[in-house]
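One structure is given below, encoded as structure tokens.
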Amino acid sequence: MASRLLTYLQRCYRLGFGLLLACGLLVGALAGGCTPQVRDQKSVIVIVIDTLRRDKLGIYGNTRGLTPQLDALASQALVCDDAWAHAPWTLPSTASLLSGVLPQRHGAGGDVSSGFRAVREDTPLLAEQFRAHGWRTGLIANVDFLGPAFGLTRGFEHVDALGSRDNHTPRTATRTTQDALRFVEGCGDQPFFLVLHYFDVHAEYEPPQPWRARFADPRDAAERTQPMGSREQVVARRFQGATLDADLLGRMERLYDAEVAYVDDAIGAFWRGLPEQVRATCTLVVTSDHGEEFGEHGDWEHGHTHHPEVLRVPLFLRAPDLSPRRESALVGHVDVARTLLARAGLDEKRARDGQRLDTAPLPGKTQHHTAFGRFWGPATTSMRSESYAVHRRASPQAPLLYERPADAWEAQPVRNEARLQGALVSLAAWEAEQELLPAKQGPTPRMDASTKQRLDGVGYVEAPR
Ligand SMILES: [Zn+2]
């Protein structure tokens, strides 16, 4: 349809029928209701696997064979080895990924004490840019933070944002893949920008067979024996000080592994289900919004610290014009937005805090990364440079300093007060230079009772019941 319209317009132009051309444009605009497309636009797919730890992928050294599909895609991609999210939980992290600005600017987040905050209305979102320039835009998501109440649906013409009712029954990855392919099919030969979000890896860990049998602890291989990451366990940990049981954590992690393997399989099905022309021309980004802790720093799940098991993420970009390679530079999610805008010929400066991943660093930009906020507890800000990571935590928690890259898992804090203070001064100087303080807050989201209930059900509990 679109190509026929273009041919028609070109013929009009060649024949010099100016009046006819004007009429054709008018008819096209009235019929399509959108900007006429340009033929060389390419589709863009951003896959976000909620809660996926970087170290579960074979390309990052995992040896359990959990991710053959992702590994195959990554083998044809620009793989970022040192990529980080800007917040340790879904809402603020995804807002940075889909805007290219830091949480201190977009304002989405909040915490358990003060309540949730939606993304600020002055935050430029990727989907708005793509839609304004003729891309079809689609969002397939499985948590309410990506639904209308929190502002991240702005710019998407197709919004299929289901909020999972609880941790036990999300829309499965299989169905998510099917719904995404239906959106792609509906786009015909028009370029599209698709954000595809999978939630299965998030607690509660309930993998289907045969992945459960292959990767779970033998005691859990046949069927669900007890809750593993339920809302009740979140409440017990966060509000009642329940202790962590090492054996239970180990069983949870193996079930989590099986969920990773299941989602990997569903992503393979998504990729194979795409039209060949899309696979051959699109830009594909794969990442997660944050990871998950299984006891590395004495805790479980996410939203409470800025350590690598929670903040360091998998990230790769695959496109026909990008040579497969490993990128060792320190990068963040804001860089994804900038890269996608630049590659599409759109206004990359809207992704204000990012720099392109597919070119040399921007002049004057230093290689460091920052993260801000947490859901469980008062605000934390962290900064990573090539040589250290510093965490500035609200009192009474002391700041922390780690060597980079030697202490990759941040296991041993550096006991050197002068170095710690120097790192904190550098962090403050960078915040001032970037005009990040005071951190802005987004509006209070307009949530109906059922949205609140669903978020509570998946563990974002504002108060224990
Ligand atoms: Zn998340």
Side-chain angles (χ1 to χ4, degrees), residues 46-57 83-99 103 106 108-112 116-119 139-147 149-153 161-168 170-173 176 195-206 229-231 234 238 252-253 256 259-260 263 267 285-294 299-315 332-333 336 371-377 380 445 451 454-462:
V46 179
I47 296 180
V48 182
I49 305 155
D50 206 300
T51 320
L52 175 63
R53 285 173 64 126
R54 173 188 182 276
D55 65 348
K56 296 300 178 182
L57 277 73
W84 296 76
H86 300 285
W89 60 289
T90 311
L91 172 58
S93 173
T94 312
S96 285
L97 173 69
L98 299 183
S99 68
H106 65 57
D111 59 54
V112 64
F116 298 121
R117 296 287 177 166
V119 69
L139 171 67
I140 315 282
N142 289 294
V143 68
D144 277 293
F145 292 134
L146 304 187
F150 291 90
L152 289 172
T153 55
L162 294 183
S164 295
R165 192 172 68 245
D166 54 44
N167 281 336
H168 191 53
R171 169 167 54 180
T172 65
T176 303
V195 173
L196 174 54
H197 168 261
Y198 291 90
F199 196 65
D200 308 65
V201 175
H202 192 283
E204 184 172 355
Y205 318 116
E206 285 291 317
S230 67
R231 176 196 179 278
V234 172
R238 300 293 156 211
M252 282 187 186
E253 185 167 1
Y256 169 97
E259 293 273 33
V260 172
V263 171
I267 290 174
V285 175
V286 176
T287 190
S288 67
D289 55 347
H290 52 79
E292 187 85 324
E293 181 178 356
F294 290 101
D299 214 324
W300 161 62
E301 49 119 32
H302 55 270
H304 52 277
T305 78
H306 283 198
H307 292 300
E309 61 273 13
V310 174
L311 222 56
R312 200 174 187 190
V313 290
L315 174 63
H333 273 157
V336 173
F372 176 77
R374 54 182 182 162
F375 182 70
W376 302 106
T380 291
T451 304
R454 286 193 299 270
L455 285 171
D456 180 285
V458 295
Y460 286 95
V461 181
E462 290 188 272

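Because only heavy atoms are used, hydrogens play no part in the values below, and waters and symmetry mates are left out as well, while side chains stay in. Values in this document were obtained by computation on a predicted structure and should not be read as measured data. Read the numbers this way: they start at 1 and go in the same order the structure lists the ligands and their atoms.
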>> E293: which residues meet the side-chain hydrogen bond (donor to acceptor under 3.5 Å, both in side chains) condition with it, sequence neighbours left out?
In response: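 Result, side-chain hydrogen bond (donor to acceptor under 3.5 Å, both in side chains) vs E293: H304.
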> For W89, which residues count as a side-chain hydrogen bond (donor to acceptor under 3.5 Å, both in side chains) partner, sequence neighbours excluded?
Replying inline: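 Listed in chain order: nothing, the list is empty.
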Give the atom name of whichever N/O/S atom in [X] sits closest to the Zn ion (ligand 1).
| X | answer |
| --- | --- |
| H290 | NE2 |
| D289 | OD2 |
| D50 | OD1 |

> Salt bridge or not for E301 and R238, using N-O below 4.0 Å?
Replying inline: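 Yes, E301 and R238 are salt-bridged.
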>> As an exercise, state the distance from CG of L146 to CG of D289, rounded to the nearest 0.5 Å.
In response: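 These two atoms lie 8.0 Å from each other.
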> Of all the atoms in T90, is at least one N, O or S atom closer to the Zn ion (ligand 1) than 2.8 Å?
Replying inline: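 It does; at least one qualifying atom falls short of 2.8 Å.
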